[in-house]
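Following: one structure in structure tokens, then a few remarks.
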There are 4 protein chains.
Amino acid sequence: MDEVRRPGRPRDSARHEAILEAVREVLLRDGYAGLTMEKVAAAAGVGKPTVYRRWSSKATLVADAVLHSFLAAAPEIAPAGGRQQHATDTGTSTGTSTSTSTSTSTSTSTSTSHQMTVWFRAYATSVGDPHHAAMILALIAAAAESPHDARNLYEHHTRAQYEIIVDCLRSGVTSGEFRADADLEAVADALIGSVLYQLLTRTGHPPPRRAEHLLDVLLTGLRTPDHRP
Amino acid sequence: MDEVRRPGRPRDSARHEAILEAVREVLLRDGYAGLTMEKVAAAAGVGKPTVYRRWSSKATLVADAVLHSFLAAAPEIAPAGGRQQHATDTGTSTGTSTSTSTSTSTSTSTSTSHQMTVWFRAYATSVGDPHHAAMILALIAAAAESPHDARNLYEHHTRAQYEIIVDCLRSGVTSGEFRADADLEAVADALIGSVLYQLLTRTGHPPPRRAEHLLDVLLTGLRTPDHRP
Amino acid sequence: MDEVRRPGRPRDSARHEAILEAVREVLLRDGYAGLTMEKVAAAAGVGKPTVYRRWSSKATLVADAVLHSFLAAAPEIAPAGGRQQHATDTGTSTGTSTSTSTSTSTSTSTSTSHQMTVWFRAYATSVGDPHHAAMILALIAAAAESPHDARNLYEHHTRAQYEIIVDCLRSGVTSGEFRADADLEAVADALIGSVLYQLLTRTGHPPPRRAEHLLDVLLTGLRTPDHRP
Amino acid sequence: MDEVRRPGRPRDSARHEAILEAVREVLLRDGYAGLTMEKVAAAAGVGKPTVYRRWSSKATLVADAVLHSFLAAAPEIAPAGGRQQHATDTGTSTGTSTSTSTSTSTSTSTSTSHQMTVWFRAYATSVGDPHHAAMILALIAAAAESPHDARNLYEHHTRAQYEIIVDCLRSGVTSGEFRADADLEAVADALIGSVLYQLLTRTGHPPPRRAEHLLDVLLTGLRTPDHRP
DNA sequence: GAGTAACCGAGACGGTACGTCATGTCTTTAG
DNA sequence: CTAAAGACATGACGTACCGTCTCGGTTACTC
């Protein structure tokens, strides 16, 4: 907020984006192992110190590049609604959620499952895209290679999205659609982890409709008895 | 099958194990990123060519080392029974499996859920061990870094264990405990993926009892209506 | 001529001399065969790339090191006079150069022979010194090992000295002391070649006074009849 | 002479020549620096230990290979006559060597210079041949690289030829053609050294007729006054 | 508008590790 | 005991990157 004005020539923000773009370019071509700071600098038309001045390690650089592009585009495929709506939804969804639902309540009674389905399908599809797959694999590699560096970044950058998912699930609980005692974060971990695991072990050959099938089991397990089919 | 005797001095199998042991030693000390072929060779008391003669890349070497130690020890924590029993179980589990399933009942009606619970708790605990965590992170790093190399190894080496889990689940279907239409592999992916995702993002600070909570939801989602509590 | 300033950090000229000095040090200790780029880099307190950045091969490096030290010091033992004087000598030496050449005479009649004698004795003595012998053997090894590399360097660096010798002989021709039809370069080759051949085949055990004896025959063969004793 | 019959399988003498031939083949293709024991063994269709069993170092192996081929063929270009004749010549050549020469004496009075000329021209020509040049360069490289190894070999293998030349010159002294006080070995060194020096510095571009020109000066310098033109 | 301070590109620097090759020894099977 | 084959420990090869530094030069704030 205070943003101290330091003396001297300010950093050129155009370089910033050029470097991140170069990272994504190299990542697609050579993968995480094949990415070097020198290649990135060269591809960005920038000197090495300019890169190091802004990112102290390959892991943080890659994390930034991936999260600012892929995940910055990903919110669009976050569960419809998310945080903001959840507040308003709270009041409307009564415990019973039977037939006496208003025009909006009918939608909410099923909408959480539906929202999750829509979101997860989009998420899984997105991860299936080779470009995105390369980005996520890079992120995984960065995290796995240097757990210390990556812990911060991972949590720091992905927390927002993660919480959107959990909030979405929570709105299902509030509406009575889901069991109140369910561990929603466990479900979120399973959803994301499942996709990442498939990415690691079956890149390029994802089993069809696996995402829907998993959701089917999970949502059934989450639902309160009177919401089950 | 008859193992043709090739000319020349045969490879010293003692080196093989020495190298794999050295990999695990270095992995624990320095992590995947800090592991170099030179360190491994030195730690194993072996020349670099002896390493390269057997493993062409860091990824395959690490994968072998991890899978031959951790996962060779892991089968002990596979779901009790597994393949063999699944055949015998088939006959015993009648569709009825009435309501009289007490806590001590050895009946099949709860055994699959129970087996899964026992296994998954052991699995999650095992992954929580720092030694094992380091090994698995290395495996993930290897797979993420060079998808091509790792795909073969991953699938090749982990398929057996993976199928044991799926078989266990399938015996639950056969016994009528689980829904026949469930995608068991999706469930297996979610279980394993969930643990790996937590390992990546929360190493050292695993949320307590998350594993049980996930299983709770999944098993509930899997059960046939008359098996639900 | 104006030395274009190239971009980037300029090369540190101190490293240059440090490396050449290291080469000479290693050469004395281990000989040409025992000299490795790694030893040189280590002895110079320098990274290997810094060596390779300046010299692409062991042969060129050794040639530079030897020629910039030994031969840079050697001009002092070039035939007294050399190029510059040769022009002035021309006028002084009259064709007659009568019989009155005593031992102390500064006359031109004996000066060329004398100059050659003084130079060649010094040259042979210099080559007899173990330090110099090691340097020259290294130069020979470099030249013999990679004829292509060495041709350039050899010709490039030794041409100056070689021509001083030939010029000295030529002044003897001009003064009438030597036959006009003699192949002076053949004589220079024989003088140098003779010493090198002895170095190769009798290192450490040079036959005494061989240099004088050779010169005796060669100068006699060069002299015009009325200059012969 | 005694040739103790040792137990076990005797060495296959065919390998010996195969290895030497392989050395020459590799030497022509890759030069001395590019010759390795492994290449030689492979080219000879032989195991490395078989090579090491017979030659303990690259230098000795190369020396043997070169001297047993090139120099074994070279004696044919030794000065006609050589040792044997020198004994018979002794008696015939009287000190005066004036006009009172017999039918054979006229021939001997000039034949030494002639013999030397014929030999040296052949020698220089032979060294000009690329195959021979490569061999001799290899020999020089071996000698320069490891003076210790090479001293023995050089002296050991080339002494015979060297003495033939000196003997030839000595017969010129005996016949009165050459000065009695000349250092014949100095002359031999100059002849051989001159050729080697040119080989080192001007491979492929030998100055024409340099050999004759050198001999001209040397023989003139060697001749007794009444033999001079 | 002159300082000044941080930026920029380029690239040299001391290092570390790479993956390959050659060394000379040793071990195996075969003759 | 020799032979071919080839594994072995060792160590140098020449290259690629690392992360830091030093250049000449630029750009923007501050006096």
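Worth knowing before you read on, the calculation uses all heavy atoms, side chains too, and leaves out hydrogens, waters and symmetry mates. Sequence lines set the chain letters: A, B, ... in the order given, protein chains first and strands last, and positions in each chain run from 1.
For the pair C:W55 CH2 and E:dA12 P, the interatomic distance rounds to 14 Å; values are reported in whole Å. If you measure from atom CZ of B:R11 to atom P of F:dA9, you get 12 Å, rounded to the nearest angstrom. Here F:dA28 presents its P atom at 9 Å from CG of A:D12, a figure rounded to the nearest Å. Taking atom NE2 of A:H16 as the reference point, atom P of E:dC8 lies 11 Å away to the nearest angstrom. When rounded to the nearest whole Å, the span between CG of A:L61 and P of F:dG19 equals 11 Å.
Within the structure, every pair that satisfies the ring-ring contact (aromatic ring centres under 6.0 Å, His included) test and touches residues 23-64 of chain B, not counting sequence neighbours, is listed here: B:H16-B:W55.
Between E:dG14 and C:T50, a contact under 4.0 Å exists linking OP1 or OP2 to a side-chain N or O.
Every side-chain contact (heavy atoms from CB on, under 4.5 Å) that C:S57 has, sequence neighbours left out, goes to C:A59, C:T60, C:D149. Under the ring pair (Phe, Tyr, Trp, His ring centres under 6.0 Å) criterion, A:H131 pairs with no residue at all, not counting sequence neighbours. Applying the salt bridge (charged side-chain N to carboxylate O under 4.0 Å, His left out) test to A:R29 and every residue at least two apart in sequence or in another chain returns A:E25. With sequence neighbours excluded, the residues satisfying side-chain contact (heavy atoms from CB on, under 4.5 Å) with B:R53 are B:R11, B:P49, B:T50. Listed by chain and number, the residues in a side-chain contact (heavy atoms from CB on, under 4.5 Å) with B:E21 are B:R24 (sequence neighbours excluded).
At distances below 3.5 Å, at least one donor-acceptor pair connects side-chain atoms of B:K58 with backbone N or O atoms of B:L35.
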| field | Under 4.0 Å protein heavy-atom contact, by nucleotide of nucleotides 15-20 of chain E - B base, S sugar-phosphate only | value | B-SBBB
Can you give each donor-acceptor pair under 3.5 Å made by side-chain atoms of residues 39-48 of chain D, sequence neighbours left out, with the distance rounded to 0.1 Å?
residue, atom, partner, partner atom, Å
D:K39, NZ, D:D30, OD2, 3.0
D:K39, NZ, D:G34, O, 2.7
D:K48, NZ, D:E38, OE2, 3.0

| field | Canonical and wobble pairing (Watson-Crick, G-U, under 3.5 Å) of DNA chain E, dot-bracket with | | value | |||||||||||||||||||||||||||||||
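Residue whose closest nucleotide on DNA chain F sits further toward the 5' end, between A:R9 and B:R54: B:R54.
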